[in-house]
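The structure under discussion appears below in the form of structure tokens.
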Amino acid sequence: MVRRRSSTSHAGRPTPPGASTRWPRHVFSQGSDPDPRFSLANERTFLAWIRTSLALFAAGVALEAVNLPIVPGLRRASAIVLILLGVAAPAQAWFGWVRTELALRRGRGLPPPLMAVPVGGGLMLVGVLVLLGLIL
């Protein structure tokens, strides 16, 4: 059986075994390992935001590529908003994963998603633009 030494971080707290080899170090050097189910759920949320990003990109490209009876300027604006939201979603995925993993490791409450309101607002804007584009 191999024994691992527990080193001490710069803050004087014990560093979890293997923390120096796991990336990102600034996350895994904090606190202690949570129940793996929570970390895996956090990873699934990360992947859900990535899937959301892909769907937003696809919707933006499809809206511009398919010849729909929508006023061209409003269609293009809707496509641009969808693609910009698709760019923002991976940022939520990454920063949300880091913030949640740190909260789990430190035994603190979970942080709210930073991009949920902007993404929801952006989708509402797209809906209004497409509706106006169909009516006009």
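Computed from a prediction, not measured in an experiment: that's the story for all the values here. For the single chain, residues carry numbers from 1 onward in sequence order.
Put simply, Leu54 and Leu85 are part of two different groups of oily side chains (I, L, V, M, F, W, Y) that touch within less than 4.5 Å, one to the next. Cluster membership check: Val66 does not share its hydrophobic cluster with Ile80, using side-chain heavy-atom separations under 4.5 Å among Ile, Leu, Val, Met, Phe, Trp and Tyr. Taken together through direct or relayed side-chain contacts under 4.5 Å among Ile, Leu, Val, Met, Phe, Trp and Tyr, Ile135 and Leu68 form parts of separate hydrophobic clusters. In the hydrophobic clustering of this structure, Val87 does not group with Phe95; members are Ile, Leu, Val, Met, Phe, Trp, Tyr whose side-chain heavy atoms approach within less than 4.5 Å, directly or through other members.
Within the 4.5 Å cutoff, the side chain of Gln92 has no heavy atoms near those of the Val119 side chain. Residues Ile83 and Phe57 have side chains in contact (heavy-atom distance under 4.5 Å, counting atoms from C-beta outward). In this structure, Pro24 and Trp94 have side chains that are in contact, with non-hydrogen atoms separated by less than 4.5 Å. A 4.5 Å side-chain heavy-atom check between Leu74 and Val130 finds every atom pair outside the cut-off.
When all heavy atoms are compared, the tightest approach of Pro69 to Leu134 is O-CD2, 3.5 Å. Nearest heavy atom pair, residue Phe28 against residue Trp23, reads CE1-O, 3.2 Å. Taking each heavy atom of Arg37 and Arg44 in turn, the nearest pair found is O-NH2, 4.4 Å. For the residue pair Gln30 and His26, the shortest heavy atom distance occurs at CG-O, 3.2 Å. Residue Ala89 comes nearest to Trp49 through the heavy atom pair CB-O, 3.8 Å, listed as atom of the first residue, atom of the second, then distance. Considering all non-hydrogen atoms of both residues, Leu63 and Ala79 come closest at CD2-N, 3.8 Å.
More than 12 heavy atoms of other residues, nucleotides or ligands sit less than 6.0 Å from atom CZ of Arg99. The 12-atom threshold is exceeded at CZ of Phe46, counting heavy atoms of other residues, nucleotides or ligands nearer than 6.0 Å. Atom CG of Asp35 is surrounded by more than 12 heavy atoms from other residues, nucleotides or ligands within 6.0 Å.
Between the CG atom of Leu110 and the CG atom of Leu104 there is a distance of 5.5 Å, given to the nearest 0.5 Å. In this structure, CG in Leu47 is found 12.0 Å from OG in Ser53, a value given to the nearest 0.5 Å. Distance check: Leu102 CG to Arg108 CZ gives 9.0 Å after rounding to the nearest 0.5 Å. Here the CD-CD distance, from Glu101 to Glu43, works out to 9.5 Å after rounding to the nearest 0.5 Å. Here the CG-CD1 distance, from Leu129 to Ile70, works out to 10.0 Å after rounding to the nearest 0.5 Å. The CG atom of Leu82 lies 9.0 Å from the CG atom of Leu125; values are rounded to the nearest 0.5 Å.
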**Request:** Begin from the C-alpha positions of Ser32 and Arg105 and carry the test side-chain contact (heavy atoms from CB on, under 4.5 Å) through to its verdict.
**Result:** CA-CA 5 Å; Ser32 60; Arg105 299 181 73 75; 5.9 Å; no
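For the side chain to side chain contact (heavy atoms under 4.5 Å, CB included) with Leu56, the lone residue among Leu84, Val126, Leu123, Val61 that qualifies is Leu123.
In this structure a side-chain-to-backbone donor-acceptor pair under 3.5 Å is present from Asn42 to Trp97.
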